[in-house]
2 protein chains.
Amino acid sequence: MVETARRRASERAQVELREQILSGALPGGAHLGEVELAERLGLSRTPVREALTRLAAEGLVELHPHRGARVTRFTEADLDDTFDVRRALEPRATERAAARATAADLDELDDLAATMLATGAPGPGQDLDALVELNRRFHARLIEIADTPALAAALAGVVHTPVVLRTFHSYDAGSLARSLAHHAEIVAALRAGDGAWAAAVMVSHIANARAVMTGDRR
Amino acid sequence: MVETARRRASERAQVELREQILSGALPGGAHLGEVELAERLGLSRTPVREALTRLAAEGLVELHPHRGARVTRFTEADLDDTFDVRRALEPRATERAAARATAADLDELDDLAATMLATGAPGPGQDLDALVELNRRFHARLIEIADTPALAAALAGVVHTPVVLRTFHSYDAGSLARSLAHHAEIVAALRAGDGAWAAAVMVSHIANARAVMTGDRR
DNA sequence: CACTCGTAAGTTGCATACATCCGAGCGAAG
DNA sequence: CTTCGCTCGGATGTATGCAACTTACGAGTG
């Protein structure tokens, strides 16, 4: 049976809204009326309101007192800043993960990396949308292994940038291959216990992504 | 007359609770019952609940479904992580601020730095508590001038660490003098338009603070 | 005596009704 | 014709009542 239906209503609303925003179904600047959302989700205003509050904390929506909520509009500059922050923080998290990863952690990351290589391989089986979710899980797991709450909190409000999360479609073949190889190499570095190596690959990984997104080769 | 009373109830609850947590009146691990808080603040549960949700997003409280809210307990390691994140991000923000600060911005920062020097000077006029607020404003203004939303979002959930915000009392005379001098030097660097200089001072500034807090001299 | 199951108390989660506030549209005055 | 002010509509903000869940305690049984 479907277990997700048993979860709390406010959480469902939050997940549902986040998905619609990240997928682009709710475009930037869209007005989010509480009653409208409540009716569409089959809930009352209370959990919808709570979901909006939390999404606002994540930076996905903006709340204007007495004037309602709007989907945050991200600019090209915001996207660039996002990569700046990630390049500053994720390599550090990766380095920490090298010292703390257990055998089970490494196996899990290996699985993810391998699955991504298979899912992203050119051909009829290629599924770029599935790749987005796998990529998200890989990076999230890495942060989790690093076990540094402050780093996780700092990255939390940044990674959600809508454009970032659904953009494997804009990768050219070479960049995509590099990106997938990076994941595998990071796991290898972690397995070797070489934090500096892992961090260096992460720097490359983010730089590669940035080049794809912004077209900036500097 | 007191204008704060005219603000929204949920906002008042949020501000009040945050203050009590940061001041230590509500110690880490304290259980926060909705009805109890509502009665103490003279409100209903609804705005209290919303305030708790927002504070949870800030990382000050932890929400356990059906089990209530608790004040987040920060460990020594968390504090250390906080400085890691700040050292990674704030210098970058400072560098950006150098390119964007207007004359008015610089004057404002100058005022803050000068006031801090006066407020922190040894003697009968020294007020370490006032210094906490001034320091918060200085750093917040700097981030604001940098005008990089992603950086601001990343730092938002990190700076609130209770211990960090009320710890000028643990500075020895030398560290305090250095800290205050750093602010002035940062403004000077900004005025010179030298982002690298400003960023370097910020690195020193954070390292100095870290040494005071953790006693770690590495 | 230890373990398990059932029940009850107290909490949070959700829904609904009421209060408050913002903004648009219309009318009158300059 | 423009501008100011008022009123009305619709939204958000708050309060309260009911439902669901979690936990703790105690009775019953192996």
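Predicted model, so just to flag it, every value in this text is computed and none were measured. Proteins get letters first, then strands, A, B, ... in listed order; numbering begins at 1 in each. All values below were derived from every heavy atom in this structure, side-chain atoms included, with hydrogens, water molecules and symmetry-related copies excluded.
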Q) In terms of side-chain heavy atoms, does B:Arg8 have a donor or acceptor partner in B:Gln14 at a distance below 3.5 Å? A) no
Q) With sequence neighbours left out, what residues match A:Asp107 under side-chain hydrogen bond (donor to acceptor under 3.5 Å, both in side chains)? A) A:Arg191
**Q.** Main-chain N/O of A:Gly59 paired to A:Thr72 side chain as donor or acceptor, under 3.5 Å
**A.** yes
Q) Are A:His64 and A:His31 close enough that their ring centers fall under 6.0 Å? A) no
Q | Under 4.0 Å protein heavy-atom contacts per nucleotide of nucleotides 11-18 of chain C, with B for base, S for backbone only and - for none | A | -BBSBBB-
(Q) Would the distance check show the side chain of A:Ser179 and the main-chain N or O of A:Ser175 forming a donor-acceptor pair, the cut-off being under 3.5 Å? (A) no
Q: Let me know the distance between CG of B:Leu52 and P of D:dT14, rounded to the nearest Å.
A: 14 Å
